[in-house]
Amino acid sequence: MSSPKPSTIRVGNRYRAKRLNGPYDAIVIGSGIGGLTTAACMSKLGKKVVVFEQHYTAGGFTHSYDRNGYEWDVGVHYIGDMGADHTLSKRLFDHITDGELKWAPLDDRYDRIFLGDRHVDLVAGPKAFKDELKQAFPGEENAIDTYLKYLRQVAKAMPGLVVGKVLPDLAAGPLRKIVGRAAPDFLNKPTREVLESLTSNQELIAVLAGQWGDNGLPPAESSFIIHALIARHYLYGGYYPIGGASEMAKTIIPVVQQSGGEVFTYADVKQILIEKGKAVGVRMADGEEVRAPLVISNAGVFNTFGTLLPDTAPEKDFYQQKLQTVERSMASNCLYIGLQDTAENLGLPKTNYWIYPGPNYEKNLEEFIAAPDKTDIPLTYISFPSAKDPSFADRYPGRATIEIVAPGPHEWYAEWADKTWGKRGEEYEAEKEAYAQRLLAKLYEKFPHLEGKVDYYELSTPLSTDYFCRYSKGEIYGLNHTPDRFEQDWLKPKTRIPGLYLTGQDVMTCGVVGAMIGGLLTTIAVSGLKSLPLAKKMFVG
């Protein structure tokens, strides 16, 4: 079997030591959306920032790739809050892209939740959302109204949590007490517990929690904070970037360059340089040392404090201990499918399909992990990017794409982890093929007319996630969003090491906008008073 050819979609500038144009005000490790947001926001404040990305294209989980005449996004399946200019999410995107990134809405029925044979749609707009659920679950009107009230209360409590991430420790402690008193008591309880306090109807609970794949934890394990943030994020529907996910990095990089900064690809950072207890720069894989007064890591806490921080660094032990208090999020497999016809001709929807065997998510997941070959797949998410992107038909005439995401524990593939990408051998390929066939069967179950139309498909595993995005166990959402995680006061931009900051999804929450808000908070934390107008513009408008 021939090795796959690398993708031709390349965003960013290829790194060479001689292309460095320092001195830089800050170094950002990793070009995921959190790192790019920080770099762009700092550039707007007049700072010259260099971003180092080890992959051949910038964007982290927002990059796209092409193969065999098709193009897919790897992580941007839909974004909420893009339909109105006054939302924080939209303001932030407009700020870091100079308004260059454009959006197309999904169908009003943006998510379809299947519980066995039954399905219920999540519909855009709070009233339509409510009406649809009330029609599907007569007698549950009160629970549905209260649920939406709870979402609003979480949204109200968020500014307090956000501010606590950027205040100095002395102020953050008292603030946390005040916020704690004002916050509803259900705020950081497990999602299932909160939903079961509203209703005993397990199907309604399953529909309300039907997007749990967006944070990777079933409702019994996730904090209601993350559940509410995601549900509210999509309450006015889903949106897709016109031109595909790679447009994100493409439109942000010019903003980073405005103050002399750059985004380098093939730029592998091996170590954070620490001198006299301070972060003073990074050492690259080619031995080059690049110095700057600020080092901002978008590589996640496990990479930052585990791999990149030298053993002699002060506080290394403190952070090693802290890493015991958080866990890596779920790993997944993704099937990328190409079809030789248009999304329109094939009748592909602008709706995401969430397919579950039934409402008991935890039990289904547990049984599957115990006996994957004998048990139905507990969560299958199907997305139709070529239907969502109005520019796709012009860019790839007569073609369409589909993506299917499902759980894929790292353990399944661990024995091939040290083999090179594209050369992991026949046994590995056979494992992948078997799972790919199961996912195709799920697709044909819902779209029988697509059988025989698939021209190309390939499955990515957690090993691909590690290879391209440096998450060593294939964890797609950084850290698990458990109630415990939200109690960790060390998950914030400023670290205990002077000059070293964190950004991205581990600061606040996962998801594109969660990581971007992490990026904004990091900018505020490093810029102090200079960032007040930015903070006001973003949070107040």
Side-chain angles (χ1 to χ4, degrees), residues 78 80-81 106-158 183-238 349 351-367 376 378-382 446 481-483:
Y78 61 151
D81 275 343
L106 270 59
D107 194 82
D108 275 348
R109 298 174 175 270
Y110 54 95
D111 275 331
R112 176 162 292 180
I113 315 290
F114 288 88
L115 305 172
D117 297 332
R118 178 181 190 186
H119 77 258
V120 180
D121 289 346
L122 303 184
V123 189
K127 187 178 180 313
F129 181 90
K130 254 194 314 207
D131 292 348
E132 186 78 15
L133 287 174
K134 288 176 180 179
Q135 205 182 329
F137 297 100
E140 294 290 338
E141 292 79 6
N142 194 20
I144 292 162
D145 287 336
T146 310
Y147 170 74
L148 280 157
K149 199 170 81 198
Y150 275 21
L151 295 190
R152 283 196 299 278
Q153 286 177 269
V154 173
K156 274 206 186 83
M158 282 320 286
D185 60 350
F186 55 76
L187 185 67
N188 197 22
K189 294 228 165 83
T191 303
R192 181 172 282 289
E193 192 181 311
V194 178
L195 297 178
E196 287 186 342
S197 74
L198 299 176
T199 177
S200 56
N201 185 318
Q202 288 301 326
E203 288 207 345
L204 173 57
I205 289 171
V207 170
L208 294 176
Q211 299 162 312
W212 70 261
D214 283 338
N215 76 71
L217 274 186
E221 291 171 49
S222 68
S223 163
F224 189 68
I225 292 175
I226 191 65
H227 167 83
L229 288 178
I230 290 171
R232 205 175 150 89
H233 179 66
Y234 292 115
L235 205 48
Y236 290 88
T351 302
N352 303 308
Y353 278 40
W354 297 87
I355 302 167
Y356 299 104
N360 194 335
Y361 296 151
E362 291 79 9
K363 180 165 164 280
N364 294 340
L365 194 59
E366 209 176 297
E367 289 174 352
D376 198 0
L379 155 59
T380 311
Y381 169 86
I382 309 186
K446 302 292 182 242
H481 293 67
T482 58

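Small disclaimer: the values here were computed from a predicted structure and weren't measured.
Between L133 and Y147 there is no side-chain heavy-atom pair separated by less than 4.5 Å. At a threshold of 4.5 Å between non-hydrogen side-chain atoms, the residues T146 and T199 do not count as touching. Looking only at side-chain heavy atoms (C-beta outward), L148 and L235 come within less than 4.5 Å of each other.
Look at D81 and R232 and you find no salt bridge, because none of the NZ, NE, NH1 or NH2 atoms lies under 4.0 Å from a carboxylate O. A salt bridge links D131 with K127; the closest basic N to acidic carboxylate O contact falls under 4.0 Å.
Surrounding OH of Y234 are more than 12 heavy atoms belonging to other residues, nucleotides or ligands, all under 6.0 Å away. The neighbour count for E366 CD, taken as heavy atoms of other residues, nucleotides or ligands under 6.0 Å away, does not exceed 12.
Checked against the 6.0 Å centroid threshold, Y150 and H227 do not count as a close aromatic pair.
At least one test fails for K446 against the ring of Y353: distance under 6.0 Å to the centre or angle within 45° of the axis.
Here the side chain of D121 pairs no donor or acceptor atom with the backbone of V123 at under 3.5 angstrom. With T351 contributing its side chain and D107 its backbone, the two residues share no donor-acceptor pair below 3.5 Å.
Rounding to the nearest 0.5 angstrom, the gap separating the CD1 atom in I382 from the CD1 atom in I355 is 3.5 Å. The distance from the CG atom of N360 to the CD1 atom of I205 is 10.5 Å, given to the nearest 0.5 Å.
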